Amino acid sequence: MKIAKILVDVPTRQTDRTFDYLVPAELFVECGMRVVVEFGRRKVTGFVVDFVDSTDFSGRLKEISEVIDDKPVLDQEQLKMAQFLAGQYFTFAVTNLWLMLPGMLKGKTEKYLIVHNLTDESLLPLFSEGTLRYDSKTLSATQQKKIRAALARNELEVVYSQSRVITKKYTEIINSKIALDDIPAEIDKLSKQNKYGQLFWQTVLTEGSPLAVKHLTKEIGIPRRVLTKLAQEGSIELSKVEIYRTPLAASPKKKSQLLTHTKEQSAAIKEIAASFDTDQTFLLEGITGSGKTEIYRALSEKVIKSGKKVIILVPEISLTPQMISFFQASFNDRIAVWHSRLSRGEQYDEWRRIKNNEVDLVLGVRSAIFVPLKDLGLIVVDEEHEKSYRQSENPQYDARELAKWRGNYHSCPVIFGSATPTLTSRAKAERQIYRLIRLDKRVNPNGHLPTVQIVDLRDRNNRSSKIFSEDLKRAMLERFERKEQTILFLNRRGYANFLECRNCGYTFNCPNCDVSLTLHLFEHRLSCHYCGYKCAIPMSCPNCHETDLRSFGDGTEKVEEEIKQLNPEITTIRMDRDTTSRKGSYQKIISQFEHHEADILVGTQSVAKGLNFPEVTLVGVLNADISLNRPEFDASEVTFDLLTQVAGRAGRGQTAGKVIIQTYNPNHYAIKEAKDQNYERFFREEMYLRRLHGYLPYYYTIFIKVTSKEEMLALKTALDLQKLLSENKNEQTQILGPAPYYIKRINNEYTYQLALKYKKDEKMKMTLHEIIDQTQSNNKVKINISNVTC
DNA sequence: AGCACGCCGACT
DNA sequence: GTCGGCGTGCTC
Ligand SMILES: [Zn+2]
Ligand SMILES: [Zn+2]
């Protein structure tokens, strides 16, 4: 019998390898299909990744129990990509495979128990519905033992089924049984009173067959009973066909306008097109408004004409209806969109359209890098500096790395586009690894650039309140008078992030974490942003019982309150994680603000940046230092990117906008260069510091976080790791730590962190893989690894 | 991750 | 005696 190598869906270090299974002759199995196999004493889902003739397993091989798919759901490239991910990001092979499937196919093989004739009465309540979803976590040990006994007596039966059922959408159609040529004769046979019969055949004559029943009943106005009767008579046939659930708007058939290209655009297109059959990476460094998107479109057109496909990655926030219709205008329904707002059904159907070769271009967010397009001719990563291209949860893959991997696999060019490229990309361009193309001119040179003012928060004379400087306050009130809109950024949600007793100095901290509790006046709670702990706002100090409590660290809620005090007529709208967590609420806030239902939008950077509103003529960054002072090596870069983006966009309409940046560090280079929109100078200054401190792009960094409920165990494990790694690394690699993580205790778990700075050290990476296998065998310690390369 | 096995203290 | 808690080890 044939032998299949199978990755089982048991994501642990110890099972992170293939297991051999026999393929029964009656089963049709191919690589990339999902199967059900017996693993130990239970059944799990597995992926067939290879076939071999012999095994080196000494025991008796089991047979594959069941095949889930009738054709492969993963192709050869995706299987290879999963391997690459495992090596690069220290993740389980099987976890990587799930990453490439649409949500509808992500399911477990679940165990159910069916009752036959249960004699053990104590178990009866569990089986009130006749069956029980077996989950050892929710059943006590005693219950499990009793169930085992009942199974042995054949009073219960085990069945397995898939946790997720695939749904498809169907629509009803009619097929004419009468040939088109014979229809006029058919119409003649009908009596003049048969209004609907006449109408029906006329419609078939002009629009052809088949036709959607819904179209005939809703739009043409033929009653359903007429169609049923025609079907009974045998002159038409009613049937159901599948239709794709599509997120695309019923294409407004807006013809693409022929845009004339600037000299810079034409040159860029020409240069990249000349490299179509290489895997060259291009860095398209272009200021806001220099027309990068049109370059992507024009190149895509060339690629698709030659029979190849395109992936364009954009940040979630840029994937607007305007962006979609821009590409739709050129490529019609041959495009697919891919983002988290798709329903499970829509995503599944987009995935199948891609797999069935019905799509030439995929426009999507990070996870779109995994779509099964064959024959790629171009991959674009727009706004390549965006942090969201790296997934923050496991597996912590980086879509930019994968874009280059796929470019190499298909021998096609990759374009990284940004006004503020990552230091890594820009440095690679400097070393000729990437080809640098700069766009310094705006497509519309008459558009006004906003004026940028930096306000020194240390200047007491220019201070109106804790939050606003006089200048910003005045500017805001002016906009309100003129009925123009304002956006204010503050990277801190809630009312205040610190509550203190003025009498004894007691501070309210989270009982589970080493952080202060954030005050949320809107929902009347103190809450922890790290573990989710919530409690009522205390009226008095638990220590001295005084009631004089005071808050520090103003957040977005407090900003709204101060604006109300300034002028109660100004309406505000808040946009942060608290107001956008509900599905659709984000979209709703945007549309409300677009329709001028509020004068001022107060948002956190991470949620509200990158938005564009034509009536906004003032943008205020309330405290640039919050992002500048974050304890991360790229805090300056992130701040510069944000400020540059803000300063490049405000006031795109007729009037030039104004940007006010409030800071305690007005002379910081990240702030000064952002004001001047001078990326190149920022790049030089930041590179100097990165080199001095040995950070990216001079060194890659692997962060290893060791977490445990027992602090000493976390520390000891981290120390052991440090020792083992230091014996198995090359000279260039440096190990920093272990040190307590910047918040040592989160949710009553303690974290110690190691940082490995390396340039090229395969030995160290190998060792790390091996060590982890051994260390993580007990579940008292969690190890999290992020490999930061971009 | 499950799931079983085996060892040891405690309780009808 | 036997019940149940947890540590250990294996899964083709
Ligand atoms: Zn007190
Ligand atoms: Zn907490």
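Chain identifiers are assigned alphabetically (A, B, ...) following the order of the sequence lines, protein sequences preceding nucleic acid strands; residue numbering begins at 1 within each chain. Worth knowing before you read on, the calculation uses all heavy atoms, side chains too, and leaves out hydrogens, waters and symmetry mates. As the structure is a computational prediction, the values presented were derived from the model and not from experiment.
Side-chain contact annotation: A:Y742 with A:Q753, donor-acceptor N/O pair under 3.5 Å absent. Under 3.5 Å, the side chains of A:R245 and A:T167 contain a donor-acceptor pair of N or O atoms. Looking only at atom types and distance, the side chain of A:E346 has no donor-acceptor partner in the side chain of A:T246 under 3.5 Å away. Side-chain N/O atoms of A:Y700 and A:D761 include no donor and acceptor closer than 3.5 Å.
The CD-C1' distance, from A:E710 to C:dG7, rounds to 14 Å in whole Å. Between A:Y134 atom OH and B:dG2 atom C1' the separation is 9 Å, expressed in whole Å. The distance from atom CG of A:L113 to atom C1' of B:dC3 is 14 Å, rounded to the nearest whole Å. Rounding to whole angstrom units, CD of residue A:Q144 and C1' of C:dG5 are separated by 13 Å. A:K111 has its NZ atom 18 Å from the P atom of B:dA1, to the nearest Å. Atom-to-atom, NZ of A:K145 to P of B:dG2 comes out at 20 Å; the value is rounded to the nearest Å. Regarding A:E110, its CD atom lies at a distance of 14 Å from the C1' atom of B:dA1, rounded to whole Å.
Ion pair A:R153/A:E155 flagged as a salt bridge, since at least one NZ, NE, NH1 or NH2 atom sits closer than 4.0 Å to an Asp/Glu carboxylate oxygen. Under a 4.0 Å N-O distance rule, the pair A:R353/A:E350 qualifies as a salt bridge. Here A:D69 pairs with A:R34 in a salt bridge; the nearest charged N to carboxylate O distance falls below 4.0 Å.
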Polar-atom pairs under 3.5 Å, protein N or O versus N or O of nucleotides 9-12 of chain B: list them with distances, or write none.
none

Where do N or O atoms of nucleotides 10-12 of chain C meet protein N or O atoms at under 3.5 Å, pair by pair?
{"from": "C:dT11", "atom 1": "O3'", "to": "A:G40", "atom 2": "N", "distance (Å)": "2.9"}
{"from": "C:dC12", "atom 1": "OP1", "to": "A:Y21", "atom 2": "OH", "distance (Å)": "3.2"}
{"from": "C:dC12", "atom 1": "OP1", "to": "A:E38", "atom 2": "O", "distance (Å)": "3.3"}
{"from": "C:dC12", "atom 1": "OP1", "to": "A:G40", "atom 2": "N", "distance (Å)": "3.4"}
{"from": "C:dC12", "atom 1": "OP2", "to": "A:K62", "atom 2": "NZ", "distance (Å)": "2.5"}
{"from": "C:dC12", "atom 1": "O3'", "to": "A:D20", "atom 2": "O", "distance (Å)": "2.7"}
{"from": "C:dC12", "atom 1": "O3'", "to": "A:K62", "atom 2": "N", "distance (Å)": "2.8"}
{"from": "C:dC12", "atom 1": "O2", "to": "A:D20", "atom 2": "N", "distance (Å)": "2.8"}
{"from": "C:dC12", "atom 1": "N4", "to": "A:R17", "atom 2": "NH2", "distance (Å)": "3.2"}

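Taking the six-membered ring where tryptophan is involved, the planes of A:F39 and A:F19 are perpendicular, since the angle between them exceeds 60° and thus also 30°.
For the pair A:R352 and A:Y348, the distance from NZ or CZ to the six-membered ring centre is under 6.0 Å and the angle to the ring normal is within 45 degrees.
Residue A:K43 is out of contact with every strand shown, counting any heavy-atom pair closer than 4.0 Å.
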